[in-house]
Amino acid sequence: MPELPEVETTRRGIAPAVEGRRIDTVIVRNAALRWPVPDELPALLAGQTVTAVRRRAKYLLFDVEPGTALLHLGMSGQLRVVAADAPLRKHDHVDVVLQGGQCLRLHDPRRFGSLLWQPAGTRHPLLAGLGPEPLGPDFSGDWLYRQSRGRRAAVKTFLMDQRIVVGVGNIYATEALHAAGIDPRRAAGRVSAARYAALAEAVRAVLAESITRGGTTLRDYVDPQGSPGWFRLQLAAYERAGQPCGRCGGTIQRVVLGQRASYYCAGCQR
DNA sequence: CTCTTAACCTGGACGC
DNA sequence: TGCGTCCAGGTTAAGA
């Protein structure tokens with residue numbers, strides 16, 4: 001489900017309820033996520049005060065004194081702020097019960113998400129090797145250009161590689177390439193520096209605009225208050241096969257790249 | 001190294 | 001109504 005804008009919207013939605021708040025208990029009903037939730041996690045978090053909720057790539061990071069809890073929402077994860085006694089739904093796998101009667105509830109039907117622990121002063125292997133934040137200072141067209149030299153994989157697959165740049169998933173890679181006028185099938189190593197400059201700008205613009213609209217709800221994404229995101233209304237290419245391109249009037253095509261559905265306009269994406 | 005593929009899992013949409 | 005097939009905002013391990 002979530003790419004950077006949805007994770008960031010989730011972060012902003014939970015921060016007021018969580019930051020500076022003490023954790024009463026952590027209830028793990030089903031530890032069988034992408035990786036097993038560590039047995040010791042509830043004991044590590046109970047009684048701790050959350051000093052900050054951060055985001056790195058598509059991970060939410062909950063800082064407490066002994067370390068950081070890492071939460072990834074996978075494809076179908078939702079994190080909601082609910083009353084601690086709110087009725088349970090199927091697939092409500094974890095509750096972080098906060099002092100004051102609210103709780104953070106993780107709901108994840110497909111269980112591709114993960115909840116892991118990083119002791120203070122260490123770096124979890126999953127966070128090692130991640131590329132720059134697309135909305136940060138280290139991401140640029142020049143960076144993309146240099147990383148892409150000699151690569152034959154499709155530029156869309158390259159753009160979704162979290163070692164190259166984080167946070168860009170299937171929707172936003174599709175949209176950014178459309179906005180930049182680049183054919184997603186083109187080999188990454190055969191895109192010019194000038195066009196990577198345009199692509200980097202398109203990535204930033206599409207992510208920033210989606211955040212302002214609360215992310216994209218295609219099927220089941222909701223923010224921590226249960227509201228959908230509205231960026232879907234802005235999608236120019238994603239899931240628009242057969243429809244006219246808003247820029248050139250051509251027809252949006254569907255193709256599969258790296259096992260993921262991709263959409264592009266044969267008229268204006270080269 | 002780079003690249004491709006299978007796998008993890010559930011549920012909704014669709015065709016018969 | 002039911003059953004089979006395909007598809008879905010992600011990521012990793014394994015193999016070529």
Side-chain angles (χ1 to χ4, degrees), chain A residues 1-11 29-37 55-60 70-79 89-93 106-116 124-131 134 146-177 185-190 203 206-207 209-211 213-223 228-241 254-263:
Chain A
M1 160 192 7
E3 303 182 38
L4 187 151
E6 293 74 39
V7 178
E8 179 60 23
T9 299
T10 298
R11 190 194 69 76
R29 297 188 189 82
N30 186 353
L33 304 185
R34 178 71 162 82
W35 286 281
V37 178
R55 179 189 59 73
R56 171 71 173 117
K58 298 174 189 169
Y59 290 90
L60 287 170
L70 278 49
L71 178 67
H72 197 294
L73 296 174
M75 287 280 263
S76 59
Q78 301 176 355
L79 194 59
R89 295 183 297 164
K90 196 174 181 182
H91 307 303
D92 282 344
H93 304 312
L106 175 67
H107 175 85
D108 185 4
R110 294 178 72 180
R111 288 188 277 118
F112 288 170
S114 50
L115 176 58
L116 297 163
H124 196 282
L126 291 175
L127 298 185
L130 289 174
R146 282 185 276 116
Q147 292 300 308
S148 64
R149 291 309 89 184
R151 299 234 187 180
R152 286 175 299 173
V155 61
K156 173 165 176 281
T157 305
F158 170 77
L159 189 60
M160 291 174 64
D161 184 338
Q162 303 296 297
R163 294 167 299 189
I164 303 302
V165 59
V166 301
V168 181
N170 206 29
I171 294 177
Y172 300 107
T174 294
E175 292 297 308
L177 286 160
R185 301 169 298 175
R186 177 177 287 271
R190 304 190 63 178
V203 166
V206 74
L207 294 177
E209 178 65 14
S210 182
I211 290 170
R213 296 182 189 259
T216 301
T217 297
L218 288 178
R219 293 165 189 86
D220 51 15
Y221 170 76
V222 292
D223 73 14
W230 300 102
F231 191 74
R232 182 177 194 177
L233 301 174
Q234 314 296 315
L235 296 178
Y238 191 80
E239 288 192 341
R240 284 185 169 273
R254 182 186 191 275
V255 67
V256 175
L257 297 171
Q259 311 179 102
R260 312 300 299 273
S262 302
Y263 304 84

List the residues meeting side chain to side chain contact (heavy atoms under 4.5 Å, CB included) with A:R219, not counting sequence neighbours, and say none if there are none.
A:E239

Quick check on A:W230: does its CH2 atom have over 12 non-hydrogen neighbours (other residues, nucleotides or ligands) under 6.0 Å away?
no

Does a nitrogen or oxygen in the side chain of A:K90 sit under 4.0 Å from OP1 or OP2 of B:dG11?
yes

Side-chain N,O (A:R152) to OP1/OP2 (B:dT2) below 4.0 Å:
no

For a quick check of understanding: with a heavy-atom distance under 4.0 Å over all strands, which category does A:R219 fall into, base, sugar-phosphate or nothing?
base

Side-chain-base donor-acceptor pair under 3.5 Å for A:R111 and B:dC9:
no

With a 4.5 Å cut-off on side-chain heavy atoms, are A:L177 and A:Y172 touching?
no

A:L116 CG - C:dT12 P separation (whole Å)
11 Å

Separation of B:dT2 atom C1' from A:F158 atom CZ, nearest Å, is 12 Å

By the 4.0 Å heavy-atom rule, please label A:Q259 as base, sugar-phosphate, or nothing.
base

Dot-bracket for DNA chain B, 5' to 3', Watson-Crick and G-U pairs with both distances under 3.5 Å, [ ] for crossing pairs, | for partner on another strand, reads .|||||||.|||||||

Quick check on C:dT12: is either OP1 or OP2 less than 4.0 Å from any side-chain nitrogen or oxygen of A:R34?
no

Modelled atom types, side-chain donor and acceptor of A:D108 and A:S76, under 3.5 Å:
yes

How long is the line joining CZ of A:R151 and P of B:dT2, in whole Å?
4 Å

Answer whether the closest heavy-atom distance between the side chains of A:L79 and A:D223 falls below 4.5 Å.
no

So what does A:R254 touch, heavy atoms closer than 4.0 Å: a base, only the sugar-phosphate, or nothing?
sugar-phosphate

Ignoring backbone atoms, test whether A:H91 places a side-chain nitrogen or oxygen under 4.0 Å from the OP1 or OP2 oxygen of B:dG11.
yes

